[in-house]
There are 2 protein chains.
Amino acid sequence: MFIQINFESDVPIYEQLKNQIIIGIAKKELAPGDRLPSVRKLASDIGINLHTVNKAYKQLEEKGFLIIHRQKGVIINPDGPPQADETYTKTLKETLLPMIAELELRGIDKINLLSIINEIYEQLEVDRDE
Amino acid sequence: MFIQINFESDVPIYEQLKNQIIIGIAKKELAPGDRLPSVRKLASDIGINLHTVNKAYKQLEEKGFLIIHRQKGVIINPDGPPQADETYTKTLKETLLPMIAELELRGIDKINLLSIINEIYEQLEVDRDE
DNA sequence: ATATATGTTATATTTGTAATATAACATAAA
DNA sequence: TTTATGTTATATTACAAATATAACATATAT
């Protein structure tokens, strides 16, 4: 499995899980319809509690990235990821505003930012097998 | 004062404070050397506890945005904001990666993102008096 | 001198979240 | 009938956010 948890991080474990699954989908390492490990399996692989995995799965289901079936298990939504709506875009802007304010003050101008963003897009596109 | 706290938000109050002060500096509503309200004054204006304001101030001092003097009070760092270093840039990229992954999946492509970012830069430049 | 205002320190309490630990449940599939 | 799935329930531990009070040290104003 591609999951790697940093137990020193101040990012909660269930958030790290959500992030890595979303990144996995974006990198196409996980395709619509693909199955994810059971909550017990992933929990024991990583060495964490089943409820922590369940929390991540449930929140990704709530957002529309995953489909959870009581007996069959968990799969990547076959209909593809949820699309951005007004609410999502509004929240995104509210998140970006203070980030960009700080970034600007710290001397990272728009050009620098765009180059960082390009770098991240490359990370998401290239790594087909890693 | 320009501070407006959303008590419904899941963003902690002290984080909202930090964000709004940084945005204030970026918009040049607050200039280097400008004085901020005392912890007690701001706390009572907003209707929160003095320690919550103090926590925000201390963390901004720690980052280099503010100078705190035991008797004179709190001012915006006269030497200007702290500049980005390697650590900051690394953390920034780690924050952006999952954001951009989700955004991409949701159908917001690079062009859309750049237009959102431009919109935010405008917000930071225009509002000289509001 | 005295009072005032500053940030600071200390202690305690309440509330909520993250994470874990155990156990049991319902049910499709083997 | 067994196994594996997610689900639900209960409890516990650890920590963070926010508050409440009180006292402290000290530069500045009166």
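These numbers were taken from a predicted model, which means no experiment stands behind them. Below, read A as the first sequence line, B as the second, and so on, with proteins coming before strands; counting in each chain starts at 1.
Between the side chain of B/His51 and the base of D/dA17, no donor-acceptor pair of N or O atoms lies under 3.5 Å.
Here the closest heavy-atom approach between residue A/Thr52 and residue A/Leu17 is recorded as O-CD1, 4.2 Å.
For B/Tyr57 and C/dT9, the OH to P distance is 17 Å, given to the nearest whole Å. B/Ile48 has its CD1 atom 17 Å from the C1' atom of C/dT14, to the nearest Å. C/dG7 atom P lies 7 Å from atom CZ of B/Arg35, rounded to whole Å. Atom pair A/Ile67:CD1 and D/dT5:C1' shows a separation of 16 Å (rounding to whole Å applied). Taking atom CG of residue A/Asp10 and atom P of nucleotide C/dT17, one finds them 18 Å apart after rounding to whole Å. Atom CD1 of B/Ile5 and atom C1' of D/dT19 are 15 Å apart (whole Å). Distance, A/Arg70 CZ to C/dA28 C1': 11 Å, rounded to whole Å. Rounding to whole angstrom units, CD1 of residue A/Ile75 and P of D/dT5 are separated by 15 Å.
Comparing B/Lys41 and A/Gln71 along DNA chain C, the residue whose closest nucleotide (by nearest heavy atom) sits nearer the 5' end is B/Lys41. Annotation: of the two residues near DNA chain C, B/Val74 and A/Leu50, the 5′-most nearest-nucleotide partner is B/Val74.
Proximity of a side-chain donor or acceptor of A/Arg106 to a complementary backbone N or O of B/Thr89 within less than 3.5 Å is not detected. Between the B/Glu102 side chain and the A/Ile22 main chain, no donor and acceptor come within less than 3.5 Å of each other. With hydrogens and angles ignored, the 3.5 Å screen pairs a side-chain donor or acceptor of A/Gln83 with a backbone N or O of B/Leu105.
OP1 or OP2 of C/dT20 lies within a sub-4.0 Å distance of a side-chain N or O belonging to A/Thr52. Look at B/Ser38 and you won't find any side-chain N or O under 4.0 angstrom from OP1 or OP2 of C/dA5. Taking only side-chain nitrogens and oxygens, B/Tyr14 comes nearer than 4.0 Å to OP1 or OP2 of D/dA17.
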Let's go through A/Lys18 and A/Glu15 carefully: what are the C-alpha distance in whole Å and the side-chain angles of both, what is the deciding distance for salt bridge (Lys or Arg N to Asp or Glu O under 4.0 Å) to 0.1 Å, and is it a yes or a no?
CA-CA 5 Å; A/Lys18 287 164 60 185; A/Glu15 288 287 355; 3.5 Å; yes
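Distances from the side chain of B/Ile68 to the nucleotides D/dG6, D/dT19, C/dG7 place C/dG7 closest. With D/dT7, D/dA17, C/dT20 as the choices, the nucleotide that has an atom nearest any side-chain atom of B/Lys55 turns out to be D/dA17. Side-chain proximity of B/Lys72 to the nucleotides D/dT5, D/dT28, C/dG7 is greatest for D/dT28. Candidate nucleotides D/dA17, D/dG6, C/dT6 were compared by shortest atom distance to the side chain of A/Asn54, and D/dG6 ranks first. Residue B/Asn49 has its side chain nearest to D/dT19 when only D/dT7, C/dT8, D/dT19 are considered.
Contact annotation for A/His69: backbone-only contact, meaning every heavy-atom pair under 4.0 Å involves sugar-phosphate atoms and none involves a base. At the heavy-atom level, B/Ile13 lies under 4.0 Å from the strands shown only through sugar-phosphate atoms.
Between A/Lys58 and A/Glu62 there is no salt bridge, since no side-chain N of the basic residue sits under 4.0 Å from a carboxylate O of the acidic one.
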